[in-house]
Amino acid sequence: MDDLFAPEQRIFDEAVKSAQETGCVKCKDLAKEYGRLLKQLRRATKVSDRTTRTLNTSKHDLLDKVHFDVLTEIYNRRFLDENLARIIKSISRSGGELSVLMMDIDYFKKYNDTYGHSEGDACLKAVAEVITASLARADDFAARYGGEEFCVVLPNTDEGGARLIARKILENIRTKGIPHEKNKAAECVTVSIGAVTSVAAHTQTGDDYIRQADMALYKSKRNGRNQYTYIDFKEDTQ
């Protein structure tokens with residue numbers, strides 16, 4: 001790492017050398033004082049750098065806390081809203097497709113009533129982990145939308161990709177085998193999923209995708225749960 005005070009150090013070294021060669025007492029005193037001030041400056045700079053690093057670390061830690069759900073440790077609603085808007089804007093420039101999945105845990109209230117809220121929290125964390133592990137690409141992400149509801153965002157993903165991820169999540173959660181004796185759809189914890197895909201356009205909003213994926217989700221619930229429903233994005237849906 002380059003010495004920030006290399007020029008000042010050279011001046012000090014030359015002053016000391018000159019004072020030694022000439023035997024000038026005043027020159028020695030001046031060189032000594034210069035060296036003392038240079039040492040103080042180096043020390044102050046180190047403290048400043050350390051403080052700056054600490055502040056930057058604190059800033060990143062704070063941003064993490066702002067964007068992550070405390071319980072499940074996946075992204076939260078705030079991160080979802082902010083990034084979904086950014087993703088739509090970015091993908092719309094290239095005419096790419098965007099898929100969004102909404103899902104919730106089947107009969108989760110009955111789960112809490114049966115096993116208690118502590119086990120309910122553990123269930124939420126386990127489901128969040130399975131959902132996240134079911135996503136293969138770096139740009140894909142899952143967020144806790146609220147309560148027992150989750151959202152998955154799949155940039156540059158067509159209908160086939162959306163259906164594939166939906167099936168994968170369903171299967172992986174069933175395979176997890178979390179007991180749920182009050183689940184009318186199965187003997188273990190399951191989820192219902194709604195999926196929607198569209199060519200991204202700057203006129204669209206994140207709420208448009210979430211609202212329509214929610215519509216598909218409720219179709220899955222009406223049809224017996226523990227399944228996914230795919231619908232095409234409709235521009236005029238309000």
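Because the structure is predicted, anything quoted here is derived from the model rather than measured. Scope of the values below: all heavy atoms of this structure, side chains included, with no hydrogens, waters or symmetry mates.
- Connection of Leu170 to Val196 is not established within any shared hydrophobic cluster, with ILVMFWY side chains joined at heavy-atom distances below 4.5 Å, either directly or through further cluster members.
- With hydrogens and angles ignored, the 3.5 Å screen pairs no side-chain donor or acceptor of Gln204 with any backbone N or O of His202.
- Looking at Ser99, its side chain does come within 3.5 Å of a backbone N or O of Thr157 through a donor-acceptor pair.
- Distance check: Cys151 SG to Ile74 CD1 gives 9.5 Å after rounding to the nearest 0.5 Å.
- Of the possible polar contacts, one joining the Asn76 side chain to the Val66 backbone as a donor-acceptor pair under 3.5 Å is found.
- In the hydrophobic clustering of ILVMFWY residues, with side-chain heavy atoms under 4.5 Å counting as a link, Val152 and Val130 come out together.
- Linking ILVMFWY residues whenever their side-chain heavy atoms come closer than 4.5 Å, directly or via other members, leaves Ile131 and Val100 in distinct clusters.
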Contacts under 3.5 angstrom, residues 114-128 side chains, donor-acceptor by atom type, not counting sequence neighbours:
unit_1	atom_1	unit_2	atom_2	d
Thr114	OG1	Lys110	O	2.7
Tyr115	OH	Glu181	N	3.0

Residues 160-167 side chain polar contacts: donor-acceptor under 3.5 Å, at least two apart:
unit_1	atom_1	unit_2	atom_2	d
Arg163	NE	Glu159	OE2	2.8
Arg163	NH1	Tyr228	OH	3.2
Arg163	NH2	Glu159	OE2	3.1
Arg167	NH1	Tyr228	OH	3.2

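- Both Tyr75 and Leu80 sit in one connected hydrophobic cluster of ILVMFWY residues. Membership requires side-chain heavy atoms under 4.5 Å apart, directly or through other members.
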Before giving the answer on salt bridge (charged side-chain N to carboxylate O under 4.0 Å, His left out), spell out for Arg86 and Glu82 the whole-Å C-alpha distance, their side-chain angles and the decisive distance to 0.1 Å. CA-CA 7 Å; Arg86 177 187 59 79; Glu82 292 176 358; over 6 Å; no
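- Remark: Met102 CE to Met215 CE distance equals 13.0 Å, nearest 0.5 Å.
- Across Gly206 and Leu84, no two heavy atoms sit closer than the pair CA-CD2, 3.5 Å.
- For Arg144 (side chain) and Gly147 (main-chain N/O), a donor-acceptor pair under 3.5 Å exists by modelled atom type.
- Taking CG from Asp214 and NZ from Lys221, the interatomic distance works out to 8.5 Å, rounded to the nearest 0.5 Å.
- Taking the centre of each ring, Phe233 and Tyr209 come in below the 6.0 Å mark.
- When the options Asp106, Asn226, Asp104 are evaluated for a side-chain hydrogen bond (donor to acceptor under 3.5 Å, both in side chains) with Ser192, the one that passes is Asp106.
- In this structure, the side chain of Asp208 engages the main chain of Thr205 through a donor-acceptor pair within 3.5 Å.
- No chain of hydrophobic side-chain contacts below 4.5 Å, direct or via other Ile, Leu, Val, Met, Phe, Trp or Tyr residues, connects Val199 to Ile231.
- The two residues Gly96 and Asn156 make their nearest non-hydrogen contact at CA-OD1, 4.0 Å.
- Summarising the geometry, atom NE2 belonging to His180 is positioned 7.5 Å from atom OH belonging to Tyr111; distances are rounded to the nearest 0.5 Å.
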The test is side chain to side chain contact (heavy atoms under 4.5 Å, CB included); show your working for Val189 and Phe108 and say whether it passes. CA-CA 9 Å; Val189 167; Phe108 185 69; over 6 Å; no
Side chain to side chain contact (heavy atoms under 4.5 Å, CB included) for Phe150 and Val191? Distances and angles first, verdict last. CA-CA 10 Å; Phe150 299 88; Val191 295; over 6 Å; no
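- Residue Thr203 holds its OG1 atom at 9.5 Å from CD1 of Ile88, rounded to the nearest 0.5 Å.
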Between Tyr145 and Ile210, is the side chain to side chain contact (heavy atoms under 4.5 Å, CB included) condition met? List the steps. CA-CA 10 Å; Tyr145 191 73; Ile210 289 172; 3.7 Å; yes
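- Between Ala142 and Leu135, the shortest heavy-atom distance links the atoms N-CD1, 3.8 Å.
- Expressed to the nearest 0.5 Å, how far CG of Asn172 lies from OG1 of Thr132 amounts to 11.5 Å.
- Residues Ile193 and Met103 share a closest heavy-atom pair of CG1-CB, 3.7 Å.
- Looking at every heavy atom in both residues, Asp140 comes nearest to Arg137 through OD1-NH2, 2.8 Å.
- Atom NZ of Lys168 has more than 12 heavy atoms from other residues, nucleotides or ligands within 6.0 Å.
- Contact of the Ile87 side chain with the Phe141 side chain is registered, since non-hydrogen atoms from C-beta on lie closer than 4.5 Å.
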Thr190/Asn183 under side chain to side chain donor-acceptor pair (under 3.5 Å): CA gap, chis, key distance, verdict: CA-CA 8 Å; Thr190 58; Asn183 185 1; 3.0 Å; yes
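- Although no hydrogens or angles enter the test, the distance criterion places a donor-acceptor pair under 3.5 Å between the side chain of Ser92 and the main chain of Lys89.
- Residues Thr229 and Ser220 approach most closely at OG1-OG, 2.6 Å, considering heavy atoms.
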Chi angles and distances behind the side chain to side chain contact (heavy atoms under 4.5 Å, CB included) call for Lys184, Arg225: CA-CA 9 Å; Lys184 297 178 182 179; Arg225 309 189 188 223; over 6 Å; no
